[in-house]
Amino acid sequence: MAITIEQLPIPATLDASGGDFARSAAVSNAVESALWGHDDFRLEVEERLTLMQPTPDRERVLGVAREDGAIVANARLSIPQRDNLRTAYLQIEVLPAHRRRGTATALLAFIEQQAASRGRAVLMSWSDARVDGPDGSGARFLVPPTGAGGFPADDASAVLALRSGFDLVQVDRQSVLELAGLRGSAAAPHGLAALESGAAATAPGRYALLTWTGRCPDHLVEDYALLRRRMSTDPPLGGFAQEEELWDAARIRQTEETALEVGTSSLVCAVRHETTGHLVGHTILERFASRPAVVYQEDTLVLKEHRGHRLGMRLKAANLRRALVEWPDAQRVYTWNAEENTFMLDVNVALGFRPAGRTAGWQKVLP
Ligand SMILES: CC(C)(COP(=O)(O)OP(=O)(O)OC[C@H]1O[C@@H](n2cnc3c(N)ncnc32)[C@H](O)[C@@H]1OP(=O)(O)O)[C@@H](O)C(=O)NCCC(=O)NCCS
């Protein structure tokens, strides 16, 4: 069957799309669902459309593959516009029933050409495998140069990536925390309250927690922009050629506006250093309106000069306690951490997170 590749213009609204964007979004959801065996990462077409709109920070390209006229695969390219001007980030998804026909290979060629025509020489990507996939019994794992974590060598994404000139530069752990257990134990000795107050006792009186929902208060936005800037390069990057992102107050506001349009809500907890009055760390929980049960643990950062006071645990435990109260219908929290980020992983394990997936970080430098 002939496979054709084309760029799909990203419509401003669904009315203008002629249905193709919705069909491409359905492919994304079907691939996620087949990979994980659940629909937690499903996004509604309206959410996907808003997330694909160009912003001052990112241009996006959508390519699709058709078989007999029907969209069977997607390729997305996300192209930073403000910083990281040599790089672009790609994702390819092929419906399970249409695999091993060269579709991903053809989409990759299309995407590489799109990246190269914009002067992008470094392509980055992530691919996922279930944690309950192949185990130690004979399965071979690829280990990145960091030496931390492993990714199944026979996973289709790994075979395709290596064959296409990508290097494995990092492995992340996907972890999940079931909130039901915590609801019963928030005040118990090993519950979140105890973890938070135990962490707060490490540097009594020197730091205070502040919280907001959605919009950062005006008087904190400059400090918050600095934290977001540091967050782009302070966590372990493995072999990724990631450069610092340029965050300022305008970018914070732009991101908050997009979140409002998409319908995501976020709980932010930040920590203030009492001597200087500046924010020195933050953590973000986020969820989509269409999937209230599913929460994403996004950024957690403590500035280098303020590490070693258990502020990471304090921030995370406090924000999770907020989520239990403010989002009573939330059921699970997902997070992704580099396998070499032992400090953050230890905090997560103490909070009750358990491994749920392996994520491989891939990078290719175009000739
Ligand atoms: C990875 C994925 C995109 C491959 O799509 P595809 O259209 O089947 O890939 P292709 O047909 O172009 O395969 C190209 C080569 O990759 C390798 N490959 C692909 N699937 C494989 C599998 N299941 N087992 C072993 N090798 C595989 C083979 O070398 C294949 O060439 P061959 O068929 O001539 O032997 C698809 O499995 C998928 O959508 N997975 C989920 C999402 C994902 O991981 N995306 C990649 C990261 S963004």
Side-chain angles (χ1 to χ4, degrees), residues 1-6 8 23-43 48 51-52 58 60-68 70-79 87-115 120 122-134 138-142 144 149-174 238-240 336 356-364 366:
M1 238 173 290
I3 297 163
T4 56
I5 306 291
E6 73 193 63
L8 206 63
R23 282 186 273 277
S24 150
V27 167
S28 297
N29 284 336
V31 171
E32 288 284 357
S33 177
L35 170 60
W36 296 111
H38 62 66
D39 280 331
D40 278 2
F41 304 141
R42 181 189 166 83
L43 292 182
R48 290 191 184 275
L51 287 170
M52 288 291 283
R58 270 174 202 276
R60 278 156 173 117
V61 173
L62 176 60
V64 294
R66 293 184 193 269
E67 268 187 39
D68 288 340
I71 294 175
V72 299
N74 297 319
R76 282 187 296 274
L77 190 64
S78 169
I79 311 157
T87 68
Y89 172 83
L90 74 94
Q91 257 177 308
I92 295 182
E93 302 153 336
V94 181
L95 284 177
H98 298 265
R99 292 181 185 167
R100 296 307 287 271
R101 297 177 193 172
T103 305
T105 306
L107 279 169
L108 189 56
F110 164 80
I111 277 295
E112 287 192 5
Q113 188 261 324
Q114 293 286 325
R120 306 300 163 125
V122 183
L123 289 182
M124 301 172 177
S125 187
W126 292 98
S127 70
D128 300 291
R130 287 161 67 142
V131 83
D132 56 1
R140 200 167 65 81
F141 285 84
L142 302 169
F151 191 79
D154 63 355
D155 186 88
S157 68
V159 181
L160 174 66
L162 292 179
R163 186 182 113 138
S164 308
F166 285 78
D167 294 319
L168 178 66
V169 293
Q170 193 170 43
V171 170
D172 269 23
R173 183 189 306 176
Q174 183 203 108
F240 278 118
W336 285 259
R358 302 171 200 275
T359 302
W362 305 101
Q363 183 168 269
K364 175 176 182 175
L366 296 178

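Start at 1 and go down the list; that is how both ligands and their atoms are numbered. Starting from 1, each residue takes its place in the sequence as its number.
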- Message: Using a plain distance cutoff, I'd like to know if T105 has any nitrogen or oxygen under 3.5 Å from a nitrogen or oxygen of ligand 1.
- Response: yes
- Check each atom of ligand 1 against the heavy atoms of T103 and keep those under 4.0 Å away; list them by number with element. 7 (O), 11 (O), 12 (O)
- Message: Under 4.0 Å, heavy-atom basis, I'd like to know which part of S125 is in contact with ligand 1: side chain, backbone, both or neither.
- Response: side chain
- Message: Regarding atom 47 (C) of ligand 1: of the candidates S127, A65, A75, which has the closest heavy atom?
- Response: S127
- Query: Between F151 and W126, does the ring centre distance come in under 6.0 Å?
  - Reply: no
- Roughly how far, to the nearest 0.5 Å, is the CE atom of M124 from the CH2 atom of W362? 15.0 Å
- Task: Would you check whether A104 has a nitrogen or oxygen atom less than 3.5 angstrom from a nitrogen or oxygen atom of ligand 1?
- Result: yes
- Near Q91, which atoms of ligand 1 are under 4.0 Å from a heavy atom of that residue? 48 (S)
- Where's the contact between R163 and ligand 1, heavy-atom distance under 4.0 Å: side chain, backbone, both or neither? side chain
- Query: So, does K364 use its side chain to make a donor-acceptor pair with the main chain of V122 at under 3.5 Å?
  - Reply: no
- When you check the side-chain N and O atoms of D155 and S127, is any donor under 3.5 Å from an acceptor? no
- Task: Check whether any N or O atom of G102, backbone or side chain, sits under 3.5 Å from an N or O atom of ligand 1, and answer yes or no.
- Result: yes
- Task: Assess the side chains of S28 and R42: does a donor N or O sit below 3.5 Å from an acceptor N or O?
- Result: no
- Nearest neighbour in protein (non-hydrogen) for atom 23 (N) of ligand 1: A156 CB, 3.5 Å
- Tell me, which protein residue and heavy-atom name are nearest atom 25 (C) of ligand 1, and how many Å apart are they? R100 NH1, 3.6 Å
- If you count the atoms of ligand 1 from 1 in the order shown, which ones are under 4.0 Å from a heavy atom of E93? 39 (O)
- Item | H98 vs E67 side-chain heavy atoms within contact, under 4.5 Å | yes
- Any side-chain heavy atom of F166 within less than 4.5 Å of one from Q363? no
- Task: For the pair R66 and E6, find out whether any cationic side-chain nitrogen is under 4.0 Å from an anionic carboxylate oxygen.
- Result: yes
- Message: Can you check which of V94, D128, V31 brings a heavy atom nearest to atom 39 (O) of ligand 1?
- Response: V94
- Winner among L107, N74, I92 once heavy atoms are compared against atom 43 (C) of ligand 1: I92
- Report the part of W126 in contact with ligand 1, treating N, CA, C, O as backbone and CB onward as side chain, heavy atoms under 4.0 Å; options are side chain, backbone, both, neither. backbone
- Query: Hey, does the side chain of S125 reach the backbone of L90 with a donor-acceptor pair shorter than 3.5 angstrom?
  - Reply: yes
- Would you kindly specify which portion of R99 sits under 4.0 Å from ligand 1, judged on non-hydrogen atoms: side chain, backbone, both or neither? both
- Would you tell me which option among A106, S157, A360 has the nearest heavy-atom contact to atom 1 (C) of ligand 1? S157
- Item | Any N/O pair H98/ligand 1 closer than 3.5 Å | no
- Message: Between E93 (side chain only) and A75 (backbone N and O only), is there a donor and an acceptor less than 3.5 Å apart?
- Response: no
- Query: How are the rings of F41 and H38 set relative to one another: parallel (under 30°), tilted (30 to 60°) or perpendicular (over 60°)?
  - Reply: perpendicular
- Is any side-chain heavy atom of T105 closer than 4.5 Å to a side-chain heavy atom of L160? yes
- Message: What I want to know is whether V159 and ligand 1 share at least one N or O pair that is separated by under 3.5 angstrom.
- Response: no
- Note on the structure: For R101, the ligand 1 atoms with a heavy-atom partner under 4.0 Å come out as 11 (O)
